[in-house]
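Notes to accompany the following structure.
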Amino acid sequence: MMRSFFLYLSASRAARRFLMELPFAKRVSRRFVAGETLAEALDTTVALNAKGMTVSLDLLGESVHNEAEAKAATDAVIDMLEQMDRRGVQAYASLKLTALGLDVSEDLCVLNMRRVLTRAKELGRFVRLDMEGTPYTARTLQIFRTLRHEYAFDNVGVVIQSYLRRSEADMRELAAEGAAVRLVKGAYKEPPDLAFPDKADVDANFVKLLELYLADDARAAGAKLAVASHDEQMIAATRRYADAHHIGADAFEFQMLYGVRSALQESLVAEGYQMRVYVPYGTEWYPYYMRRLAERPANVWFIAKNFLRG
Ligand code: FDA
């Protein structure tokens, strides 16, 4: 119920206008967002690097509706990669294809991605394509493959969501192709014919998919896995499988969101695991923030406390 409500709010323009205007909105956004500027995000990155964690930087912003906006977003990602290089941080970029023009045209989106990946390659950096809702799943995978196979970029990875029924088939194909995959549960509102409605099925599928991606044949093909979850059961399942099959901690990485379960992030680093923190920044924090509330409605108390503080 609450999940659906927050996912509804995440897409509502009226709610967005109202909530972003509240006087304490910016302060509250800092719970999950590193700041509005790249400089602030890089300061956060430096601090996380000092704790032994790498970072995935995400300039917030989703679907754009014309070529000029898509170009501006592309330029901003390139600027982000260049500033990462200048500051010498251990980080890569994450982005959404709709921010680079996927809703305008696929050709435009591929063109913009080629610019991003060419510059990233020159700088020795990697770029992750976040996965959005199901209207974009097939197109995101298609563009990912075009970039890898037609344009020979090896510095790009994709995301697979364990709540989708199609994901096992996608993971098997990506494993055979030796692709870099971030495995997540999935953050959008999807119909039951496309996504498992029960959490138990989403979790069971997550474990099945991580095991098939860590298997010998997948790793031999070059497949690289990032296990992106705050769920201790998913982390335990990864560790169990890796231990049982003598897979070293350098063969995969854990990923978590900025502001979520920081103590667990630190304890995994202390145990020798690789941890990458997803750090979003920018002025367009509203839909991202609402998806985080949908995952854990208890976070609303944090807003309520700020509301009372005025
Ligand atoms: P689950 O939701 O079962 O939560 C397990 C436990 O973690 C909770 O009980 C709680 O303790 C804690 N927790 C989880 N979320 C929290 C929150 N917001 N605040 C506080 N505590 C919280 N999705 C997507 O569709 N496309 C994408 O590209 C990405 N990318 C991505 C990158 C990274 C690095 C992460 C970690 C996640 C994503 N996601 C995503 C989001 C993902 O799909 C999912 O919605 C969240 O990670 C929550 O699922 P968990 O696996 O953490 O488990």
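Note that the numbering runs from 1 along the sequence shown for the chain. In each ligand, atom 1 is the first atom listed, and ligand 1 is the first ligand listed.
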Next on the checklist: Check this for me - ligand 1, Ala187, N or O atoms closer than 3.5 angstrom, yes or no?
Outcome noted: yes
Checklist entry - atom 7 (O) of ligand 1: which of Gln233, His230, Arg276, Lys199 has the nearest heavy atom? => result His230
Item to check | Per-atom contacts, ligand 1 versus Lys185 - under 4.0 Å to a heavy atom | outcome: 1 (P), 3 (O), 43 (O), 51 (O), 53 (O)
Checklist entry - Strictly under 4.0 Å, does any heavy atom of Glu132 approach an atom of ligand 1? => result no
Checklist entry - What atoms in ligand 1 come closer than 4.0 Å to a heavy atom of Tyr188? => result 25 (O)
Next on the checklist: Quick check: Phe196 with Tyr163 (ring centres under 6.0 Å apart)?
Outcome noted: no
Next on the checklist: Using a 4.0 Å cut-off to any heavy atom of Tyr278, which atoms of ligand 1 qualify?
Outcome noted: 32 (C), 34 (C)
Item to check | Gly186: numbered ligand 1 atoms lying under 4.0 Å from its heavy atoms | outcome: 25 (O), 42 (C), 43 (O), 45 (O)
Next on the checklist: Is there a side-chain contact between Thr283 and Leu60 in this structure, where contact means two heavy atoms from C-beta onward sitting under 4.5 Å apart?
Outcome noted: no
Checklist entry - Could you state the interatomic distance from CD (Glu82) to CZ (Arg125), rounded to the nearest 0.5 Å? => result 11.0 Å
Next on the checklist: Using a 4.0 Å heavy-atom cut-off, which part of Val260 comes near ligand 1: side chain, backbone, both, or neither?
Outcome noted: side chain
Checklist entry - Considering only heavy atoms from C-beta outward, does the side chain of Val159 approach that of Val181 to under 4.5 Å? => result no
Checklist entry - How long is the gap from OH on Tyr281 to OG1 on Thr37, to the nearest 0.5 Å? => result 9.0 Å
Item to check | Donor on one side chain, acceptor on other, Gln274 and Thr54, under 3.5 Å | outcome: no
Item to check | Contact (N/O only, under 3.5 Å) between Phe32 and ligand 1 | outcome: no
Checklist entry - Any side-chain heavy-atom pair from Met234 and Lys185 closer than 4.5 angstrom? => result yes
Checklist outcome for this item: One finds that the ligand 1 atoms under 4.0 Å from a non-hydrogen atom of Ser229 are 50 (P), 51 (O), 52 (O)
Item to check | Lys NZ or Arg CZ of Arg114 over Tyr151 ring: under 6.0 Å, within 45° | outcome: yes
Checklist entry - So is Arg182 close enough to ligand 1, meaning a heavy atom under 4.0 angstrom away? => result yes
Next on the checklist: Measuring only between side-chain heavy atoms, which start at C-beta, is Val64 closer than 4.5 Å to Asp103?
Outcome noted: no
Checklist entry - Can you tell which of Thr137, Thr140, Val184, Val159 gets a heavy atom nearest to atom 39 (N) of ligand 1? => result Val184
Checklist outcome for this item: For Gln161, the atoms of ligand 1 under 4.0 Å from one of its heavy atoms are 24 (C), 25 (O), 26 (N)
Next on the checklist: Among Asn112, Thr140, Val110, Asp130, exactly one meets side-chain contact (heavy atoms from CB on, under 4.5 Å) together with Leu97. Which residue is that?
Outcome noted: Thr140
Next on the checklist: Distance under 4.0 Å to a non-hydrogen atom of Gln255: what atoms of ligand 1 satisfy this?
Outcome noted: 34 (C), 36 (C)
Checklist entry - Does Met131 have a non-hydrogen atom less than 4.0 Å from ligand 1? => result yes
Item to check | Per-residue contact class, Arg261 against ligand 1 - non-hydrogen pairs under 4.0 Å | outcome: side chain
Next on the checklist: Is the contact between Asp130 and ligand 1 made by the side chain, the backbone, both, or neither, using heavy atoms and a 4.0 Å cut-off?
Outcome noted: both
Checklist entry - Taking atom types as modelled and ignoring hydrogens, do the side chains of Arg182 and Ser94 form a donor-acceptor contact shorter than 3.5 angstrom? => result yes
